[in-house]
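One structure below.
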Amino acid sequence: MTQARFGDEGAFAELVNRHKDMVVNYLTRLTGGRCDAEDLAQDTFLRLFTATKSYRSEGKFKGYLLRIATNTALSHTRKLKRQRILMGLISAEPPPVVKTPQYRLLDGEAQRVLAEAIEGLPWRFRVPLVLREIEEMSYEAIAEVLDCSQGTVKSRISRGRGRLKRTLVPYLDGVE
Amino acid sequence: MDRLDDKLDALFRSLPRERASSDFTQRLLLRVGEARHKSRRGRRLLFVAVPVTAVAAVCITSFAWFVHERAERERMRAEYAAIQDEYDRLLAQHDHYERDLVEFTVFRLGGDRDSELVLDLSGLEAIETVEDVPVVSEGKGGPALPETAAPFSWPQPLELNGGTI
């Protein structure tokens with residue numbers, strides 16, 4: 001990161017290669033779309049590149065990167081929401097939600113439903129839940145990413161899991 | 001509920017790990033290059049734009065100051081000319097009055113073929129002194145009376161040819 005900070009393109013490429021899969025996976029689970037996730041991951045790394053000069057090596061780099069990714073995804077989601085509202089105003093009918101290829105590619109029905117259920121969670125529950133369950137981060141690290149206390153993180157994860165369970169009860173009962 | 005939790009955890013674990021596409025880094029580096037190029041071009045534009053703007057600002061300010069100064073000088077010149085005209089007019093009036101004053105000191109009273117009877121007042125000096133009236137007392141009920149003033153008395157009836165007026 002220090003080398004990338006001083007404009008070393010090779011070091012930056014190495015940094016990207018090391019973390020790109022993690023970022024793409026995280027964003028896929030967060031946004032529910034593989035294509036969107038890839039674009040958002042690109043934006044995340046681009047933001048990282050422009051923000052390298054202001055980066056302080058105090059916290060963990062992974063947390064820093066995931067924070068950028070979260071903010072990028074949040075901005076994207078807000079933009080989509082605004083677009084949907086505008087389109088709804090123009091066409092008087094809300095546009096149909098297009099199912100991304102991820103849903104078609106997922107083998108199991110339960111996995112598809114889980115991805116849908118995660119996407120249906122409010123942002124404040126979705127982010128800590130994905131960081132915990134998908135990225136397997138510690139509460140401390142999640143608290144650092146979200147800039148809140150560990151208690152808040154635990155509470156949000158618990159509430160998120162509760163909502164997921166309520167949604168997935170019919171499917172979980174059938175899953176062995 | 002523990003069973004549900006276990007199943008949910010298992011479901012989470014069963015989700016496939018998504019991987020970035022093979023040309024992800026390459027595409028990203030291209031975008032980084034473009035961003036750098038844009039930033040460099042922007043900086044170069046800034047290097048040009050800042051001095052140009054500064055020079056333009058100085059030129060505009062100087063021109064505005066020059067125009068303002070010229071207008072001010074014109075205004076002052078016009079004012080000076082007006083004052084000069086007024087001064088000349090007053091000076092002419094002054095000369096006229098002075099001439100009139102000299103003429104008014106000699107009056108022609110009359111005369112005949114051989115002589116002119118004139119009154120020349122130019123030698124006279126103006127009498128400006130007025131005698132002060134001495135104060136004798138200050139009464140309560142009225143103004144102070146001069147000592148020399150005669151006490152007030154009603155006029156006596158005037159007798160004329162045996163009758164009284």
Side-chain angles (χ1 to χ4, degrees), chain A residues 7 9-10 12-29 34-35 37-39 41-50 102 105-108 110-115 117-118 129-130 132-136 161-162 164-169 171-176, chain B residues 1-70:
Chain A
E9 212 164 275
F12 181 68
E14 198 185 320
L15 200 72
V16 172
N17 283 332
R18 201 181 300 166
H19 295 100
K20 63 182 181 183
D21 290 338
M22 182 264 292
V23 174
V24 167
N25 186 55
Y26 169 65
L27 288 169
T28 305
R29 299 301 164 220
R34 176 71 181 75
C35 296
E38 183 105 4
D39 291 340
Q42 290 257 332
D43 291 343
T44 301
F45 281 109
L46 207 61
R47 278 192 189 186
L48 175 75
F49 184 77
T50 49
Q102 182 203 2
L105 290 173
L106 283 177
D107 291 334
Q111 288 168 345
R112 183 186 65 79
V113 172
L114 175 63
I118 292 172
L129 194 72
V130 170
R132 177 71 183 169
E133 307 297 348
I134 309 289
E135 296 305 322
E136 295 173 346
R161 278 183 72 98
L164 275 186
K165 277 189 280 188
R166 276 197 295 278
T167 313
L168 298 173
V169 162
Y171 296 94
L172 292 174
D173 281 342
V175 173
E176 288 304 327
Chain B
M1 283 302 275
D2 287 345
R3 218 172 127 254
L4 274 180
D5 272 322
D6 291 342
K7 282 182 179 177
L8 188 61
D9 287 339
L11 205 54
F12 272 125
R13 280 195 297 275
S14 74
L15 283 174
R17 293 287 300 179
E18 296 291 338
R19 295 178 68 84
S21 57
S22 54
D23 61 343
F24 182 88
T25 310
Q26 205 180 342
R27 281 192 294 127
L28 179 68
L29 289 179
L30 274 175
R31 285 184 68 184
V32 165
E34 277 173 22
R36 258 186 181 171
H37 181 66
K38 267 187 196 168
S39 151
R40 218 173 288 148
R41 202 171 51 186
R43 217 174 298 147
R44 217 176 295 145
L45 270 175
L46 204 68
F47 276 132
V48 175
V50 167
V52 165
T53 311
V55 169
V58 168
C59 286
I60 289 167
T61 312
S62 305
F63 181 70
W65 181 80
F66 174 73
V67 168
H68 174 262
E69 279 297 302
R70 200 169 61 175

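Residue numbers begin at 1 in each chain, while the letters A, B, ... track the order of the sequences.
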Counting C-beta onward and ignoring hydrogens, is there a side-chain heavy-atom pair between [X] and [Y] closer than 4.5 Å?
X: A/Glu38; Y: B/Glu18; result: no
X: B/Leu4; Y: A/Arg161; result: no
X: B/Leu28; Y: A/Phe49; result: no

Please find the pair of heavy atoms, one from [X] and one from [Y], that lie closest to each other, and give the distance.
X: A/Lys20; Y: B/Ser22; answer: NZ-O, 4.4 Å
X: B/Ala20; Y: A/Val24; answer: CB-CG2, 3.6 Å
X: A/Leu168; Y: B/Leu11; answer: CD1-CD2, 4.4 Å

Heavy-atom neighbours of B/Arg19 CZ exceed 12 at 6.0 Å: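 Check fails, neighbour count at 12 or below.
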A/Gln42 CD to B/Arg27 CZ distance, which is reported to the nearest 0.5 Å: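 Atom-to-atom, A/Gln42:CD and B/Arg27:CZ are 4.5 Å apart.
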Portion of A/Leu164 that has a non-hydrogen atom of chain B nearer than 4.5 angstrom: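 Side chain only.
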Heavy-atom contact with chain B under 4.5 Å, split by part of A/Leu27: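 Neither the backbone nor the side chain of A/Leu27 comes within 4.5 Å of chain B.
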Most chain A-contacting option - heavy-atom pairs closer than 4.5 Å, from B/Ser39, B/Ala10, B/Gly33, B/Ser14: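 That would be B/Ser14.
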Derivation of the side chain to side chain contact (heavy atoms under 4.5 Å, CB included) call for B/Lys7 and A/Val169: CA-CA 10 Å; B/Lys7 282 182 179 177; A/Val169 162; over 6 Å; no
Part of B/Leu29 within contact of chain A (heavy atom distance under 4.5 Å):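 Interface part for B/Leu29: side chain.
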Lys/Arg-Asp/Glu bridge criterion (N-O < 4.0 Å) met for A/Asp21, B/Arg17: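 So A/Asp21 does not pair with B/Arg17 through a salt bridge.
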